[in-house]
Protein chains: 2
Amino acid sequence: MKTAKRKKLETAGWSVGDAADVLGLTPEEETYIETKLALAKKLKAVRQSHKLSQAAFAKRIHSSQSRVAKMEAGDPSVTIDLMMRSLFAVGVSPKQIGKVFSTA
Amino acid sequence: MKTAKRKKLETAGWSVGDAADVLGLTPEEETYIETKLALAKKLKAVRQSHKLSQAAFAKRIHSSQSRVAKMEAGDPSVTIDLMMRSLFAVGVSPKQIGKVFSTA
DNA sequence: TACTTTAATGTCAGATCCGACATAAATTTG
DNA sequence: CAAATTTATGTCGGATCTGACATTAAAGTA
């Protein structure tokens, strides 16, 4: 099943650059996952730079610890939408997010 | 109601830069909407550059004409997620999308 | 080591989103 | 102008996402 495949891929410890070439994912799926992982990384970096636990960060963005963990893991159950809204909520600008994509 | 307010704002012909200051939206809501409108604009530009009708474009991205119209209008019922996946589906790279954000 | 804090994983009900359809409005074309 | 094409708007069932909770695993501390 496709979702399972994705999950496996995402949680298996791939670094941001290399999710691409592995299994039968379409190019757009690969790109989507890479983008998500790049945002996940940014999210974690921002949280840590504020010296917040996942629980504290969750409170800040009106979410829950478990969902923050899933965001940072690039879990299939979280959307880019939520990640971007979370970044906005802690003051990261679209321009800064743009840089994340340029790196992806 | 908040959603209605958003809809009104988005469909009232605001240009990309100035959704910000109007009604009782939180800064992150404003940023979210601005980002969405920037993506909407990009989506329309890409579609037109390919000389495709919304219907033809929809077929290309496995969606429907009505949803494409809503995407290009920045309708509250569409997410940034869908817009980005649509852009990926027609070959726009994350880097190119990054530029869109830098402009937002 | 035991204790504390933090992070990861699974699940679920309610909320939101999506494609599709119908239909109306607008635009283009002949 | 009328016909054809394209775009806009409203709605809805099914699919997906979200916050919350429970539980476990891991990391830090005394």
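Treat the numbers as computed from the prediction; the structure is a model and nothing was measured.
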### Task
Indicate the atoms forming the closest heavy-atom contact of Phe57(B) with Leu52(B), along with that distance.
CD1-CD1, 4.0 Å
### Task
Give a yes/no on whether any side-chain N or O of Gln65(B) is located under 4.0 angstrom from OP1 or OP2 of dA8(D).
no
### Message
In the structure I gave you, are the side-chain heavy atoms of Pro76(B) and Lys70(B) within less than 4.5 Å of one another anywhere?
### Response
no
### Task
Please test Glu29(B) against Thr26(B) for side-chain contact (heavy atoms from CB on, under 4.5 Å), starting from the C-alpha separation and ending with a verdict.
CA-CA 5 Å; Glu29(B) 284 174 331; Thr26(B) 67; 3.2 Å; yes
### Task
Calculate the interatomic distance between Lys59(A) atom NZ and dA20(D) atom C1'; express it in whole Å.
15 Å
### Task
Return the value, rounded to whole Å, for the distance between atom NZ of Lys36(A) and atom C1' of dC17(D).
10 Å
### Message
What is the distance, to the nearest angstrom, from the CE atom on Met84(B) to the C1' atom on dC18(C)?
### Response
17 Å
### Task
Hey, which sits more toward the 5' end of DNA chain C by its nearest nucleotide, Arg85(A) or Ser64(B)?
Arg85(A)
### Task
Figure out the CE/P separation between Met71(B) and dT6(D), and round it to whole Å.
18 Å
### Query
NA contact type, Ser63(A), heavy-atom cut-off 4.0 Å: base, sugar-phosphate, or nothing?
sugar-phosphate
### Query
Tell me: OH of Tyr32(A) to P of dC17(D), nearest whole Å?
7 Å
### Task
Would you mind classifying the nucleic acid contact of Ser53(B) as base, sugar-phosphate or nothing, using non-hydrogen atoms under 4.0 angstrom?
sugar-phosphate
### Query
Arg47(B) side chain N/O closer than 4.0 Å to the phosphate oxygens (OP1, OP2) of dT7(D)?
yes
### side chain to side chain donor-acceptor pair (under 3.5 Å) between Glu28(B) and Thr31(B), intermediate numbers included
CA-CA 5 Å; Glu28(B) 52 264 40; Thr31(B) 305; over 6 Å; no
### Query
Expressed in angstrom and rounded to an integer, what is the separation of Glu72(B) atom CD from dT7(D) atom P?
8 Å
### Task
Could you tell me the separation between the CG atom of Asp75(B) and the P atom of dG19(C), rounded to a whole number of Å?
13 Å
### Message
Any base atoms under 4.0 Å from Val78(B), or only sugar-phosphate, or nothing? Heavy atoms, all strands.
### Response
sugar-phosphate
#### Entry: Residue pair Met71(B) / Leu87(B), side-chain heavy-atom distance below 4.5 Å
no
### Query
Over how many whole Å does the gap from Ile61(B) atom CD1 to dC18(C) atom P extend?
11 Å
Anything under 3.5 Å between a protein N or O and an N or O of nucleotides 11-16 of chain D, put it in a table, one pair a line.
| unit_1 | atom_1 | unit_2 | atom_2 | d |
| --- | --- | --- | --- | --- |
| dT11(D) | O4 | Lys70(B) | NZ | 2.8 |

### Query
Does Glu72(B) come within less than 4.0 Å of Arg47(B), counting only side-chain N to carboxylate O?
yes
### Any side-chain heavy-atom pair of Val46(B) and His50(B) under 4.5 Å
yes
